[in-house]
Amino acid sequence: MKTPYLEINLSKLHNNAKKLTSLFGAKGIEITGVTKSFLGAPQIADCLFSAGIFSLGDSRIKNIIRMKEAGVQAPLSLIRTPSLCDIHDVVKYADVSFNTELTVITALSKAAIKQKKIHDIILMVEMGDLREGILRRELGATIEEVLQMKGVRLIGMGTNLACLNGVKPTKYNMDHLSRLADTYERSYGIKFQVISGGNSANFDWLFTNDILGRVNNIRLGEAILLGRETLSRKRIDGLHSDAITLVAEVIESKVKPSRPEGETGFDAFGNTPTFEDKGEMLRSIIALGKQDANVAGLTPMIDVDVLGASSDHIVLDTTRTPLHVGDKIRFNIDYAALLSSMTSPYVNSVYIENSTQIAGG
Ligand SMILES: *Cc1c(COP(=O)(O)O)cnc(C)c1O
């Protein structure tokens, strides 16, 4: 297998998805598995759906089209408000879209009438994190207008916290969302099927509150893929945090000094490097750099130190664990490293089940 590659262990992902499904299921909450960080790769999408994940969501229509065309059976939601240029495809390929703008919903309505379809929508409400969402004082007027449009069906409400400004999902803001749902159902004589309360930052709220109100859906990406909740980056008990790892190869390994020679200025990225004189050390270079992955989010899974990285090289101190040219080294990854390496054209994906390789690509 050509390096660098992401090794994706489908058995571990299946286990993570299954555990989370039963954990949330016990509280009456369905999971929408978020597929954007793996670009909607159908192998992973199918794996999550077969583990019991209720539906899949992606912020990009391109990934939704990819999954639909590959025959992924799960219901697919577009979880970012649609761009006007994508309206036709959104109606054609997405079963549900999340919305915050009447201009967009009007366009969805027109496209749905034209395609003789009913397009389901969820209204996202601004609950404090100040990314997407309809202001609460404008929610009633928005619902009223949407209810008059043909071709679109309002099936729920949702919110997203902890993404742009790190606002925590708490009993206070989650209960508030539930009350809004109750209020508008009463005012307009409607029933919301879905109250989508958040993402991988909702664990604390979920496990410290007995009464979860109307929230019956949570959208999870990182928790399934990396086995972590995102408010305090804690590992979730019983989940694998190494279902996806990054493998790269050693291309140089030499004993060299630890202090550079000559006068120093900025490095390739305009930073001023600092170094400690540790005498001579074994320095190994990995054929992987900032053009492949967010290097700050990589943790070597063996006992070595990362000395630095440039566009195409990571330099390691491998004195304690000597490495040779051709050796492969495995890294644990965080969310930023996952996003960057998944979208790098230089990084392949290899799927394995337990420990057998089943496909390249
Ligand atoms: C990306 C995204 C999620 C998933 O977030 P995780 O932290 O990976 O669980 C959920 N909702 C929306 C709207 C998103 O854009």
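All ligand and atom numbering here is 1-based and tracks the order in the structure. Position 1 is the first residue of the sequence; numbering continues from there.
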TODO: Write out the residue and atom name of the closest protein heavy atom to atom 6 (P) of ligand 1, then the distance separating them to 0.1 Å.
DONE: S200 OG, 3.5 Å
Open item on the list: Quick test: of every protein heavy atom, which one is nearest to atom 1 (C) of ligand 1, and how far off is it to 0.1 Å?
Closed with: K36 NZ, 1.3 Å
TODO: Could you tell me the residue and atom name of the protein heavy atom closest to atom 4 (C) of ligand 1, and the distance to it rounded to 0.1 Å?
DONE: V34 CG2, 3.7 Å
Task: Those atoms of ligand 1 less than 4.0 Å from some heavy atom in E222 - done: 6 (P), 8 (O), 9 (O)
Task: Salt bridge flag under 4.0 Å for residues D305 and R283 - done: no
- [ ] Answer with yes or no after comparing the ring centroid distance for F203 and F24 against a 6.0 Å cut-off, counting only values under it.
- [x] yes
Task: Side-chain ion pair, R66 and D58, N-O less than 4.0 Å - done: no
- [ ] Please identify which atoms of ligand 1 are closer than 4.0 Å to at least one heavy atom of E132.
- [x] 13 (C)
- [ ] Answer yes when D204 and K168 have at least one side-chain N-carboxylate O distance shorter than 4.0 Å, and no when they do not.
- [x] no
TODO: Return yes or no for this condition: an N or O of T230 is under 3.5 Å from an N or O of ligand 1.
DONE: no
Open item on the list: Any heavy-atom pair between the side chains of S253 and H324 that's under 4.5 Å?
Closed with: no
Open item on the list: Polar contacts were defined as any N/O atom of the residue lying under 3.5 Å from an N/O atom of the ligand; does this apply to G221 and ligand 1?
Closed with: yes
Task: The single option from R131, R80, E126 passing side-chain contact (heavy atoms from CB on, under 4.5 Å) against N160 - done: R131
- [ ] Could you see which bit of R131 sits under 4.0 Å from ligand 1, with heavy atoms only: side chain, backbone, both or neither?
- [x] side chain
- [ ] Provide the number and element of each atom of ligand 1 under 4.0 Å from a heavy atom of L220.
- [x] 9 (O)
Task: Per atom 12 (C) of ligand 1, closest listed option by heavy atom (L338, I79, T35) - done: I79
Open item on the list: Applying the side-chain contact (heavy atoms from CB on, under 4.5 Å) criterion to L177, which one of M127, R136, R214 satisfies it?
Closed with: M127
TODO: Please determine if E222 and R233 form a salt bridge, counting it only when a charged side-chain N lies under 4.0 Å from a carboxylate O.
DONE: yes
Open item on the list: Could you identify the single nearest non-hydrogen protein atom to atom 11 (N) of ligand 1 and state the distance to 0.1 Å?
Closed with: R219 NE, 2.8 Å
Open item on the list: Checking a contact table here: which protein heavy atom is nearest atom 5 (O) of ligand 1, and how many Å away?
Closed with: N199 CB, 3.6 Å
